[in-house]
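I have placed the structure first, in the form of structure tokens, so that the comments after it can refer back to it.
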2 protein chains.
Amino acid sequence: MSDTPTDHEIATPAELAGSLGAAAQAIETTIDALLPPVPGDESVLIEAMRYATLGGGKRMRGYLVTEIGALFGARRESALRVAASVEMLHAYSLVHDDLPAMDDDDLRRGRPSTHRQFDEAMAILAGDALQTSAFEILADEATDADPSIRIRLVAALAQASGAAGMVGGQVIDIRGEGRALPLNQVRRLHALKTGALIRYSAEAGAILGHANSAERDAIVDYGRDLGTAFQVADDVLDATASAEELGKTAGKDEASGKSTYVSLLGIDSAREEARKLSERAIDALAPFGARAASLRALAQYVVERRN
Amino acid sequence: MSDTPTDHEIATPAELAGSLGAAAQAIETTIDALLPPVPGDESVLIEAMRYATLGGGKRMRGYLVTEIGALFGARRESALRVAASVEMLHAYSLVHDDLPAMDDDDLRRGRPSTHRQFDEAMAILAGDALQTSAFEILADEATDADPSIRIRLVAALAQASGAAGMVGGQVIDIRGEGRALPLNQVRRLHALKTGALIRYSAEAGAILGHANSAERDAIVDYGRDLGTAFQVADDVLDATASAEELGKTAGKDEASGKSTYVSLLGIDSAREEARKLSERAIDALAPFGARAASLRALAQYVVERRN
């Protein structure tokens, strides 16, 4: 629908890498400060929470919050707290997904998963407490002086991550293992399981920055298409990349008989779908001109990455 | 410190039973409406959430919200939503506590525990989604038109249930199994594991009803002592009642070598401590006269109950 962005409207890969790296570091520092070690018998819980959230990950969700927050002039400190919150929520979902009763994964970001490093009970409890922390951080007045902004963030995160969002998608995923799902079910699965939280991350930046409703709609469209593009590209990567490149077990989808974009569309059409979604995400940013240069580059990056 | 309450300041056991029963039924109806069955592959998640929260329990936490909300003139519909929320939070903790990696309990309220009725993965996810729902319900404007009231409830629930509250207490409990804990550690364990959420339930009613700070302090004192009295009485029950009376496995504390009020104080002193805490809880209600008659009777009931 729109023209191709001009050069100054899209960041170079090196610029994006610098921007992502700086945000990841600031988010890491924020999480570190929000989860200080404690004395006493419960210290191991905090250690497990820190293990699960610190020292890894691209921080794409947190980056969306900080970058979109900046686009609308949100306070940097506020955006970093909301970014830390969504990364804790994401980390909780990974810790629980990796449990023996779920995906039974021993490896996460190239390190032992939390229940392998600690034990199952501590992984369950650390995940539980990370979810609570995500909401606690949003509710704290340090995040934003205005309670109506904080409560909107809480409501949006709850909707994105609960039974009608991330956890609902996880259930569809589990129930779909070993049987063929049609494409529309696979789309719905991913819209819930990974899409909802990515879309929330984008929306949270807009909420923090008091974006008007047209701006917020554009950002939500961007977040939705980015999230789907990310997932289609993930399926392609699972089918084509090595475990070394991924930092996690590769080829798991085919081994478990899961229906994926790749199994349903084939590699080439899945790649093409990811590319189209990426372009549509970039189109949604048209109102924001050069200020959205990094967000456009991110939409390219998620479909071109090798891990 | 205060005089014994007069007859009209303390409800009879029959009056309390009627009040508790009516509240439990209204809370049940509210939870039922907040967790409607859904179609699709994720329907089993909602079924598991409903199984874990509906059809059982004394609803003591929810009752505190509705009864204290009524004491301060809170809207009944608001109080019932907050009551449903805390009962969902409580149910999530029970579902996760019962898991094989945790307490490995097959029986809960006389029925198979959630992971026995469904499976482990669904119990983990249902617990996760129940925690999310608890926050989602508080954040919804149907709970209270004023966002600053809603955000205070979210912040208080997060603090009571996370690493510095319920989950932290659960970790101390797990780490204490099979070794002797001193009395001050056992007190701290219970103040976090069960006390924090009971105290929150009382405070939530005061927040909803716009109690002033002196009133809120009195209610928080009541909630704190009630919660401790409840737990000491629970230890006594575990040591003295049958599984049939309890509706769950009895004598588990001694079998697992846990330090309890009973193992540390002996049965008689533990009973005496529960009685004193109950009296102190009743004392805290002195400012509220006859309007707190049921709350006083509740403080007697928790130390006299047989299940």
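Note on naming: letters A, B, ... go to the chains in the order of the sequence lines (proteins, then strands), and numbering restarts at 1 for each one.
- Annotation: maximal heavy-atom pairing with chain A below 4.5 Å, among B:Leu138, B:Ile172, B:Asp128, occurs at B:Asp128.
- In this structure, no portion of A:Val38 lies under 4.5 Å from any heavy atom of chain B.
- Nearest heavy-atom pair, B:Val95 versus B:Ala123, reported as atom, atom and distance to 0.1 Å: CG1-O, 3.2 Å.
- Listed options A:Leu35, A:Asp146, A:Leu45, A:Val154 were ranked by heavy-atom pairs under 4.5 angstrom with chain B; first place goes to A:Leu45.
- Between B:Ala158 and A:Thr132, the closest heavy-atom pair is O-CG2, 3.4 Å.
- A:Leu89 does not touch chain B: none of its heavy atoms, backbone or side chain, sits under 4.5 Å away.
- Cation-pi geometry between A:Arg111 and A:Tyr51 is satisfied (NZ or CZ under 6.0 Å from the ring centre, within 45° of the ring normal).
- Below 4.5 Å, heavy atoms of chain B meet heavy atoms from A:Gln159, A:Ser161, A:Gly162, A:Ala163, A:Val167, A:Gly168, all part of residues 159-169 of chain A.
- Residues B:Asp140 and B:Arg150 are not paired through a salt bridge, judged by the lack of any N-O separation under 4.0 Å between the basic side chain and the carboxylate.
- Minimum heavy-atom separation, A:Ala91 to A:Ala52: CB-O, 3.6 Å.
- Neither the backbone nor the side chain of B:Ser133 comes within less than 4.5 Å of any heavy atom in chain A.
- Only the side chain of A:Leu181 comes within contact range of chain B, with heavy atoms under 4.5 Å apart.
- The greatest number of non-hydrogen atom pairs below 4.5 Å with chain B, out of A:Gly127, A:Pro147, A:Ala155, is found for A:Pro147.
- The residue among B:Glu141, B:Arg188, B:Met122, B:His115 with the most heavy atom pairs within less than 4.5 Å of chain A is B:Arg188.
- Between A:Lys193 and B:Glu42 there is no salt bridge, since no side-chain N of the basic residue sits under 4.0 Å from a carboxylate O of the acidic one.
- For the set B:Glu120, B:His96, B:Gln131, the count of heavy-atom pairs under 4.5 angstrom toward chain A peaks at B:Gln131.
- Interface summary for chain B: among A:Ile151, A:Val171, A:Leu189, A:Asp119, the most heavy-atom pairs under 4.5 angstrom belong to A:Ile151.
- Comment: B:Asp41 does not engage A:Arg175 in a salt bridge, judged by the lack of any side-chain N to carboxylate O separation of less than 4.0 angstrom.
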If you apply the rule side-chain contact (heavy atoms from CB on, under 4.5 Å), what do you find for B:Arg108 with B:Thr114, and how did you get there?
CA-CA 8 Å; B:Arg108 169 66 65 183; B:Thr114 304; over 6 Å; no

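- B:Tyr92 is not listed as a side-chain neighbour of B:Met49, based on a closest heavy-atom distance of 4.5 Å or more.
- In this structure, chain B has a heavy atom under 4.5 Å from the side chain of A:Leu99, while its backbone stays farther away.
- Classification of A:Arg152 and A:Asp144 as a salt-bridged pair fails, no side-chain N sitting under 4.0 Å from a carboxylate O.
- The closest side-chain heavy-atom distance from B:Met88 to B:Ser85 is not below 4.5 Å.
- Only the side chain of B:Ile174 comes within contact range of chain A, with at least one heavy atom under 4.5 Å from a heavy atom of that chain.
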Is there a side-chain contact (heavy atoms from CB on, under 4.5 Å) between B:Ile149 and B:Thr143? Walk through the geometry before answering.
CA-CA 9 Å; B:Ile149 293 288; B:Thr143 296; over 6 Å; no

